[in-house]
Amino acid sequence: MRQSSADKELYRNFGVYVHVPFCASACGYCRFYKKVPGGGDVAFYLKNLEAEADKFRRENPDCTVVDTMFWGGGTPSILSPEDIRKMGRIFEGLSPSKEWTVEVSPSTLTSEKLDAYKSLGVTRISLGVQSFNENTLKRLGRRHSLSDTLKAIDLVASKNFEHFSIDLIFGAAGQSVLEFETDLRRAAASPVDHISAYCLEFESGTSSCAGEKTAEWESQNARQAELFELAMSRLPELGFGQYEISNYAKTPQSRCLHNLCTWHMAQWRGFGPAAASQFGGLRFRNPASVKKWADALSGASAMEDVVVLDDCELYSSALIFGLRLNDGVDLAELKSRFPGADEKKYAAAISTLCQNGLLEKRNSRLLLTKEGRLYADSVAVDLL
Ligand code: SF4
């Protein structure tokens, strides 16, 4: 399989990620930076977001072509329609030409908020359904009910965004195979063109569905692997092809372009507390605290965990993240993108992983096998 020109286009992508760090309450399993907003918090955040965007424009006057934008969190839909429009104005001149995603939750979504997104040019709504089962929602500590979810799905569908995605989470304590199968069927029967199905242990960062072979992992592995395999077999039967470990799309055009570009190690700039960036030859993260982020913005730099990106680092990242994709990576293409990398250092590990049935080679292309997708994180560890 040869690398297509569409793939090469992805490498040149520049995306903007905006982290909205507010949630109505904190779910126990969540590992993202968020806080329940108090009086004045949202206004303080927006003021500093504007300062960060202005600073970026001043320092990068030529960087005006944005391909994708993603507002994530947190819960971006917690903001009022007026604040949503304010956020849109903050990023004027950096509007994306190809895709604009906003994550929303059933408990905070309203028709007016969707109208505000539409007026800004948002093309893709990602709804955090998590489950269609009331008991699972309670076990996850979610604020929304099934009735909120069904209303939110109808509302989003009525606004005719170009793309509509649903997030599911599996592996909550007590969730049966039948319950998860029902979630998959209900998601696929919804008016969506994309479904993400995440493993709870991965979301919580305590272990991984695809993950480390600790004793705890071993004991939880069988049930989570069963649910993961169920998603991998059932969703394609229901019309949603898997293109990444946790992501399924109705057509190639309904894949999430912004995320594809991050897996392909293109460039993106993150705004807001805890937002990560890969930009201008550096990978870095903003402080994971609204106050520290705002303080850092008024100082010299908001950058933390800075990594200088050379060919070795980018080759390694593109290999690890590219393997998450069903298409895998083209090793010859990686070498031509990152000629300074020492690709030979991966040869022994790749050979062992192929012998163990976790990786397979098809000419110059390297892919996870179906079994390998269950162990993607430990494959990554073996390669590093
Ligand atoms: S899972 Fe979503 S809604 Fe829950 S705390 Fe995390 S970001 Fe907020």
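Counting convention: from 1, in listed order, for ligands and their atoms alike.
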Short question: side chain of Gln130, backbone of Leu137 - any donor-acceptor pair under 3.5 Å? no
When you measure from the side chain of Arg142 to the backbone of Cys27, do you find a donor-acceptor pair of N or O atoms at a distance under 3.5 Å? no
More than 12 non-hydrogen atoms from neighbouring residues, nucleotides or ligands closer than 6.0 Å to CZ on Phe56, yes or no? yes
Atom 2 (Fe) of ligand 1 sits nearest the protein heavy atom Arg142 NH1, 3.9 Å
Counting neighbours of NZ on Lys345 that are heavy atoms of other residues, nucleotides or ligands and sit closer than 6.0 Å, is the number greater than 12? no
Run through the protein N/O/S atoms less than 2.8 Å from atom 8 (Fe) of ligand 1 and write them out by chain and number. Cys23 SG
Step through the shown structure and confirm whether more than 12 heavy atoms of other residues, nucleotides or ligands are within 6.0 Å of NZ on Lys98. yes
Between Ser289 and Lys292, is there a donor-acceptor pair closer than 3.5 Å when you use the side chain of the first and the backbone of the second? yes
